[in-house]
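Since the structure comes first, as C-alpha cells, the remarks are kept for the end.
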Amino acid sequence: MKAACPRVAPSSARSNVRAHRALPCASRLFLVVLSDMNSDGTSNPSLRDLASEIGYVQIYWSFLESAMRAQLQAAGIQIAKGPIISHWRIHMQQLLADPADHGIIASRLFAVEQVAASRNLLAHGIQSASADPWEKGSAFVVCAATDGSLHRLTIEMIRGLAEDIDRVRRLITGQRVN
C-alpha cells in the first residue's frame with residue numbers, strides 16, 4: 001500500500017507555497033516561492049516602485065520645462081544659461097502687466113509654483129527612502145526643504161505629483177485640463 005502524499009499548506013501572508021507534481025508522490029518536490037503579495041492577493045510597493053514614481057515626476061517635469069522653453073522661444077527670448085523656470089517666471093511676471101491676461105497668467109504662475117515646490121523636494125532634498133513590500137503604507141521618502149523642514153512624501157503623493165505636473169503643463173500650453 002502506498003503512503004499518502006502530504007498536502008500543500010495554505011498560503012501565508014508572506015509567501016505562496018506551490019507543489020510540483022511532475023515527480024512521483026514519494027519524490028514530490030515542494031517549492032516555497034516568496035513574493036511581495038499579501039494574503040488578500042494585493043501587493044505593496046517596493047523600493048523599485050518608489051524609485052520609478054520619482055522618475056516619472058522628473059520626466060513629467062522635463063516635459064513641463066520643454067513647454068516653458070517653447071513659450072520663451074515663441075516670445076523671442078533666448079536662454080543662454082540658468083534654470084528654464086527662472087526665465088519663464090520673469091517672462092510671465094512681465095506679462096502680468098497686461099490687465100486683460102492678469103488672471104490667466106497669475107493662475108499659471110501659481111500652478112507652476114505649487115508643483116515646483118514638491119518637485120524640488122524630490123530633486124534636491126531626499127534624505128531617506130523606505131519601502132517594505134510586506135507592509136502596507138511603507139513606501140515613502142523623507143525630504144529636507146531649503147529651510148530645513150522635513151517632509152514625508154508617500155508613493156501616492158509622488159504619483160499624484162506627476163499627474164499634477166502634467167496637468168500644469170497642459171494648463172500653461174492652453175490644452176484641455178481635466
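Just so it is clear, the structure is predicted and the values come from calculations on it, not from any experiment. Computed over heavy atoms, backbone and side chain alike; hydrogens, waters and symmetry mates excluded.
To the nearest 0.5 Å, atoms CG (Leu153) and CG (Leu50) are separated by 9.5 Å. Atom CD1 in Ile105 sits 7.5 Å away from atom NE2 in His91 (nearest 0.5 Å). To the nearest 0.5 Å, atom CZ of residue Arg152 and atom OG of residue Ser128 are 9.5 Å apart. Separation of atoms CG (Leu161) and CG (Leu121) is listed at 9.0 Å; rounding is to 0.5 Å. Remark: His102 NE2 to Ser107 OG distance equals 10.5 Å, nearest 0.5 Å. Atom OG of residue Ser138 and atom CG of residue Asn44 lie 6.5 Å apart, to the nearest 0.5 angstrom.
In this structure, Ile158 is not a member of the same hydrophobic cluster as Phe140, with clusters built from ILVMFWY side-chain heavy atoms closer than 4.5 Å. In this structure, Ile54 is a member of the same hydrophobic cluster as Met157, with clusters built from ILVMFWY side-chain heavy atoms closer than 4.5 Å. A single hydrophobic cluster is seen to contain both Ile155 and Ile126, as judged by linkage of ILVMFWY side chains at heavy-atom distances under 4.5 Å, directly or through other members.
Looking at heavy atoms from C-beta onward, Ile165 lies out of side-chain contact with Arg169 at the 4.5 angstrom threshold. Contact of the Cys143 side chain with the Leu122 side chain is registered, since non-hydrogen atoms from C-beta on lie closer than 4.5 Å. When side chains are defined from C-beta on, Leu109 counts as touching Leu96, because their heavy atoms get closer than 4.5 Å.
Between Ser46 and Asp49, the side chains place a donor N or O and an acceptor N or O closer than 3.5 Å (distance only, hydrogens not considered).
Taking all atoms of both residues into account, the shortest heavy-atom contact from Ala131 to Pro45 is CB-O, 3.9 Å. Taking every heavy atom of both residues into account, Ala129 and Val141 meet most closely at CB-CG1, 3.9 Å.
Thr173 places a side-chain N or O within 3.5 Å of a backbone atom of Arg170 that can act as its donor or acceptor partner.
Partners of Arg108 under the salt bridge (Lys or Arg N to Asp or Glu O under 4.0 Å) rule, at least two apart in sequence or in another chain, do not exist in this structure. The ring-ring contact (aromatic ring centres under 6.0 Å, His included) check on Tyr60 picks up Phe63, with sequence neighbours excluded.
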Stepwise, does the side chain to side chain contact (heavy atoms under 4.5 Å, CB included) test hold for His87 with Met92? CA-CA 9 Å; His87 295 282; Met92 290 292 118; over 6 Å; no
Only distances under 3.5 Å count here; give the side-chain donor-acceptor pairs of residues 64-85 to other protein atoms, sequence neighbours excluded, each with its distance to 0.1 Å.
from	atom 1	to	atom 2	distance (Å)
Glu65	OE2	Trp61	NE1	3.0
Gln71	OE1	Trp88	NE1	2.6
Gln71	NE2	Ile172	O	2.4

